[in-house]
Amino acid sequence: MFANRFTALVDACSLASVLKRNLLLSLAEADFFRLRWSEKILDETQKAVEQIYAKRGHPDAADRAQRARKNMEAAFEDAKVENYDQICCRLEMRCRIEATSTS
């Protein structure tokens with residue numbers, strides 16, 4: 001459908017909530033956009049999901065969070081981005097330059 005036109009880098013805030021996660025993953029599965037995340041985002045998501053389950057009193061919170069992550073990775077094998085550190089550094093430098101030039 002549209003997946004060849006749109007790419008969405010989702011973060012842990014979007015993936016931690018079950019409802020938001022299910023909505024985003026369903027839309028990506030329906031090819032509304034290409035889903036992307038990093039290892040760091042998945043780590044943060046897993047930690048947040050574990051905390052949510054733990055607050056709800058689930059003794060198997062860590063297992064549930066691990067299972068959610070594994071299921072996402074299996075369903076979207078091509079979603080993980082790597083070697084993006086250089087791009088982030090360039091963007092940060094560009095933002096600093098633009099901020100100082102507008103001051």
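These numbers come from a predicted model, not from an experiment. All values below were derived from every heavy atom in this structure, side-chain atoms included, with hydrogens, water molecules and symmetry-related copies excluded.
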Pairwise side-chain contact, R34 with F6, heavy-atom cut-off 4.5 Å (strictly under): no

To the nearest 0.5 angstrom, please state how far the CG atom of L9 sits from the CH2 atom of W37. 10.5 Å

Indicate the atoms forming the closest heavy-atom contact of E50 with A61, along with that distance. O-CB, 3.5 Å

Exercise: identify the closest heavy-atom pair between A48 and A16: CB-CB, 3.7 Å

Return yes if some donor-acceptor pair links the side-chain N/O of S14 with the main-chain N/O of V10 below 3.5 Å, else return no. no

Contact summary for R36 and D78, nearest pair of heavy atoms: NH1-O, 3.3 Å

Please indicate whether E77 has more than 12 foreign heavy atoms, meaning atoms of other residues, nucleotides or ligands, lying under 6.0 Å from its CD. no

About how many Å separate SG of C13 and CD of E44, when rounded to the nearest 0.5 Å? 8.0 Å

Heavy-atom side-chain proximity of M72 to L35 below 4.5 angstrom: no

Please tell me whether L24 and I52 are part of a single hydrophobic cluster in this structure, the criterion being side-chain heavy atoms less than 4.5 Å apart. no

Student check: side-chain heavy atoms of E73 and L42 closer than 4.5 Å: yes

Ignoring hydrogens, what is the shortest heavy-atom contact between L25 and F76? Give both atom names and the distance. O-CZ, 3.4 Å

How about L27 and F33: do any of their side-chain heavy atoms sit closer than 4.5 Å? yes

Separation between CD (Q46) and CD1 (I41), nearest 0.5 Å, reads 14.0 Å

Partner of V49 under side-chain contact (heavy atoms from CB on, under 4.5 Å), chosen from Q66, R64, R69, R21: R21

How long is the span from the OG atom in S38 to the CG atom in D43, to the nearest 0.5 Å? 8.0 Å

Between the side chain of D60 and the main-chain N/O of D63, is any donor-acceptor distance below 3.5 Å? no

Membership question, hydrophobic clusters at under 4.5 Å side-chain separation (ILVMFWY): are L23 and V18 in the same one? no

